[in-house]
Student: 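Take a look at this one; I'll ask things after.
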Amino acid sequence: MTVKPNFINGKWVEGRTHLENVNPSDTSDVVGYFSIANQADVSAAIEAATESKHKLSALTPQQRFDALDFIGSEIYQRLDELADLLAREEGKALLDAKAEVNRASQIFKFFAGEALRIQGEIVASTRPNMSVEITREPVGVVAVISPWNFPIAIPAWKIAPALAYGNAVLFKPSELAPASAWALTEIISRSGFPSGSFNLLMGYGRDLGPAMIHDSRVDAVTFTGSEGTGRLVATSCVSRKGHIARFQLEMGGKNPLVVLDDADLDVAVECAVNGAFFSTGQRCTASSRLIVTEKIHDEFVSRLIKRMSQLKVGDARAEGTSIGPVIDQNQLKKDLQFIQIGKDEGAHLACGGVHHSHISGRNGFYLEPTLFTNASNQMRICQEEIFGPIAAVIRVKDAEEALQVANDTPYGLSAGVCTTSLKQASKFKRELLVGMVMINAPTAGVDPHVPFGGRKSSSFGTREQGRYASDFYTVVKTTYVNP
Ligand code: NAD
């Protein structure tokens, strides 16, 4: 049995214990075994990352460009192989997995360019003879804590800017999807970044998270995951001894897709299917609330159910699968509990809700895409993040009520509106309390080079991705010069 090691200070380090990574489409298939880092490994990685700062500062922007470009190119060259691995460990249908791997490659390429575009400003002072220089410096050692649902793209959108702007990285991927993280690390290990500047620590977040964050040599923490864990990370960052760690949290969503009377229903149905069910609904940007005005409600629902009947649930890597399994037994249990809660709350189970413990002879965590109708926004299925292929239709009178319901949630990540009215589209764009608005487009599915993030309980701190990422990964310094 081969156990994949952690990567610390430029060396592969085996742990004493390991994780077993199981294919959710076929639980008899073990994707691999992965070392669990211990406290000594965490300390060694922090020490190495701290020591690497001077080596990193000696790298020219061109050398950082070359290393990041190498990573992006290799990911692209190995797209099919990495997508197959991703689909095998995470359960996302192969087409979605390919799109994710492609996006990871694009992100490394984008930030390779950003390494050459780090800029400052010279500003005239209010005082005679004085000038003011504003420059950006690396933050230092950054802990990257990532979830399982985008096991290569999310690490990419954290690691690439961290390295582009000259920081050292401690990478703690999800214990549920270490294989993609390990493959990415293997590529980074050959990219030319100095030893110690990139470290992989696999294992459980409840142990490794606090071990990393409580060490004041860690300057910043970028976290994506559930709201509950996000709150723990925030508390650790501010309550540790020494200076408060800079932190950034990307968390859950309860994203609305509003369909107005004047919508093109073909477009609206495709937006709903894609947003609610693709990637098995396991996206922070999934459209879990479909808010539909009453004139077109019945027509929209009947077309949506017809379209849902064409979605094929099955092995993530099998030809023709549109919806793979959910990630594991715990998530399946949670999804099924929410289906029961929806029924108990009085919503009507209009489609799906059925769990299959095996498909085509393979044991897996299969759940049919599930639609509730007659839901009200106060129900738990409309307020709490489920994180599965489950959506609820909420019938509203008009656009005014649709907007009010859309905003009535603790979350504020993404929101969509389907309308052919420019006036309505503009009003929703202005008044939706979210970080990302999609007009006649699914709530999920974003570009790799523009800011990503939300408000309220969905996000805390500066935006990820695009040029805005520099706000997190750099420190602004203001220098007064009196020549
Ligand atoms: P999770 O919160 O269970 O875990 C996320 C990461 O935190 C994992 O690496 C985990 O090991 C680690 N962790 C666990 N306990 C920790 C602790 N005490 N201290 C530090 N780290 C700890 O989330 P998950 O189940 O992996 O991912 C699903 C969640 O992620 C959903 O809520 C989803 O909405 C959210 N998500 C958000 C975005 C976004 O950008 N807003 C993107 C993808 C996923």
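Treat the numbers as computed from the prediction; the structure is a model and nothing was measured. Indexing begins at 1, ligand by ligand and atom by atom, following the structure's order.
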Student: Mark up the atoms of ligand 1 that fall under 4.0 Å of a heavy atom belonging to Phe223, in ascending order.
Tutor: 2 (O), 5 (C), 6 (C), 7 (O)
Student: Hydrogens and angles aside, do Gln106 and His449 bring a side-chain donor and acceptor to less than 3.5 Å of each other?
Tutor: no
Student: Any atom of ligand 1 sitting under 4.0 Å from a heavy atom of Pro173?
Tutor: yes
Student: Students should be able to answer this: which protein heavy-atom is nearest to atom 22 (C) of ligand 1, and at what distance?
Tutor: Thr229 CG2, 3.4 Å
Student: So which atom in Val142 and which in Tyr473 form the shortest heavy-atom distance, rounded to 0.1 Å?
Tutor: CG1-CE2, 4.0 Å
Student: Check this for me: does any side-chain nitrogen of one of Glu74 and Arg190 sit under 4.0 Å from a carboxylate oxygen of the other?
Tutor: yes
Student: Check step by step if salt bridge (charged side-chain N to carboxylate O under 4.0 Å, His left out) holds for Asp315 and Arg88.
Tutor: CA-CA 9 Å; Asp315 185 322; Arg88 186 173 162 214; over 6 Å; no
Student: Any nitrogen or oxygen of Gly203 lying under 3.5 Å from a nitrogen or oxygen in ligand 1? Just yes or no.
Tutor: no
Student: Considering only heavy atoms, which of Thr285, Leu176, Leu232, Val221 lies nearest to atom 18 (N) of ligand 1?
Tutor: Leu232
Student: Using distance alone, decide if ligand 1 has a nitrogen or oxygen within less than 3.5 Å of any nitrogen or oxygen in Ser226.
Tutor: yes
Student: Please tabulate, for side-chain N and O atoms in residues 145-160, each donor-acceptor pair with protein atoms closer than 3.5 Å (sequence neighbours left out).
Tutor:
{"unit_1": "Asn149", "atom_1": "ND2", "unit_2": "Gln282", "atom_2": "O", "d": "3.0"}
{"unit_1": "Trp157", "atom_1": "NE1", "unit_2": "Glu464", "atom_2": "OE1", "d": "3.4"}
{"unit_1": "Trp157", "atom_1": "NE1", "unit_2": "Glu464", "atom_2": "OE2", "d": "3.0"}
{"unit_1": "Lys158", "atom_1": "NZ", "unit_2": "Thr222", "atom_2": "OG1", "d": "2.8"}
{"unit_1": "Lys158", "atom_1": "NZ", "unit_2": "Thr224", "atom_2": "OG1", "d": "2.8"}
{"unit_1": "Lys158", "atom_1": "NZ", "unit_2": "Glu464", "atom_2": "OE1", "d": "3.1"}
{"unit_1": "Lys158", "atom_1": "NZ", "unit_2": "Glu464", "atom_2": "OE2", "d": "3.4"}

Student: Below 4.5 Å, heavy atoms only, C-beta onward: do Phe278 and Leu311 meet side chain to side chain?
Tutor: yes
Student: Report the part of Glu175 (side chain from C-beta onward, or backbone N, CA, C, O) that has a heavy atom under 4.0 Å from ligand 1; answer both or neither where that applies.
Tutor: side chain
Student: Between Glu270 and Asn274, do the side chains contain a donor N or O and an acceptor N or O under 3.5 Å apart?
Tutor: no
Student: Looking at ligand 1, does any of its N/O atoms fall within less than 3.5 Å of an N/O of Trp148?
Tutor: yes
Student: Could you go through Phe7 and Phe171, starting from their C-alpha distance and side-chain angles, then the distance that decides it, and tell me whether this counts as ring-ring contact (aromatic ring centres under 6.0 Å, His included)?
Tutor: CA-CA 9 Å; Phe7 187 64; Phe171 173 31; over 10 Å; no
Student: By the salt bridge (Lys or Arg N to Asp or Glu O under 4.0 Å) test, which pairs, at least two apart or in different chains, include something from residues 165-177?
Tutor: Lys172-Glu175
Student: For ligand 1, does Ser146 get within less than 4.0 Å through its side chain, its backbone, both, or neither, judged by non-hydrogen atoms?
Tutor: backbone
Student: Any idea which atoms of ligand 1 are less than 4.0 Å away from a heavy-atom of Thr224?
Tutor: 5 (C), 36 (N), 37 (C), 38 (C), 39 (C), 40 (O), 42 (C), 43 (C), 44 (C)
Student: Is Lys172 in polar range of ligand 1, meaning some N or O pair under 3.5 Å apart?
Tutor: yes
Student: From the options Gly225, Pro147, Ala177, Ser459, select the one whose nearest heavy atom is closest to atom 35 (C) of ligand 1.
Tutor: Gly225
Student: For ligand 1, which atoms have a heavy atom of Ser174 less than 4.0 angstrom away?
Tutor: 9 (O)
Student: Only heavy atoms of Ile145, strictly under 4.0 Å: list the atoms of ligand 1 that pass.
Tutor: 6 (C), 7 (O), 9 (O), 12 (C), 20 (C), 21 (N)
Student: Any idea which heavy atoms bring Ala45 and Asn199 closest together, and the distance?
Tutor: O-ND2, 3.8 Å
Student: Name the closest protein heavy atom to atom 41 (N) of ligand 1, giving the residue it belongs to and the distance to 0.1 Å.
Tutor: Met251 O, 2.7 Å
Student: Heavy-atom pairs closer than 4.0 Å: do any link ligand 1 to the side chain of Ile154, the backbone, both, or neither?
Tutor: side chain
Student: Please tell me if the side chains of Met202 and Pro173 come closer than 4.5 Å, counting only heavy atoms from C-beta onward.
Tutor: yes
Student: Below the 3.5 angstrom mark, is there an N/O of Asn149, backbone or side chain, next to an N/O of ligand 1?
Tutor: no
Student: Side chain, backbone, both or neither: which applies to Glu385 and ligand 1 if a contact is any heavy-atom pair less than 4.0 Å apart?
Tutor: side chain
Student: Would you check if there is a donor-acceptor pair between the side chains of Asp207 and Gln39 at a distance under 3.5 Å?
Tutor: no
Student: What part of Leu208, side chain from CB on, backbone N/CA/C/O, both or neither, has a heavy atom under 4.0 Å from ligand 1?
Tutor: neither
Student: Within ligand 1, which atoms have a heavy atom of Cys284 less than 4.0 Å away?
Tutor: 34 (O), 36 (N), 37 (C), 38 (C), 39 (C), 40 (O), 41 (N), 42 (C), 43 (C), 44 (C)
Student: If only side-chain N and O atoms count, and only distance matters, is there a donor-acceptor pair under 3.5 Å linking Thr443 with Ser414?
Tutor: no
Student: Heavy atoms only: which of Gly228, Gly453, Gly205, Gly230 is nearest to atom 13 (N) of ligand 1?
Tutor: Gly205
Student: Looking only at protein heavy atoms, which one is nearest to atom 40 (O) of ligand 1, and what is the separation?
Tutor: Phe452 CE2, 3.0 Å
Student: Can you check whether Trp157 has an N/O within less than 3.5 Å of an N/O in ligand 1?
Tutor: no
Student: Parallel under 30°, tilted from 30 to 60°, perpendicular over 60°: which one fits the rings of Phe111 and Tyr165?
Tutor: perpendicular
Student: Report yes if the distance between the aromatic ring centroids of Tyr76 and Phe108 is under 6.0 Å, otherwise no.
Tutor: no
Student: Are Lys53 and Asp219 ion-paired here, with the side-chain N under 4.0 Å from a carboxylate O?
Tutor: yes
Student: Quick check on Phe387 - does any of its heavy atoms sit under 4.0 Å from an atom of ligand 1?
Tutor: yes
Student: Mark up the atoms of ligand 1 that fall under 4.0 Å of a heavy atom belonging to Leu413, in ascending order.
Tutor: 41 (N)
Student: Does the protein place any heavy atom closer than 4.0 Å to atom 4 (O) of ligand 1?
Tutor: no
Student: To which protein heavy atom is atom 20 (C) of ligand 1 closest, and what is the distance rounded to 0.1 Å?
Tutor: Gly209 CA, 3.4 Å
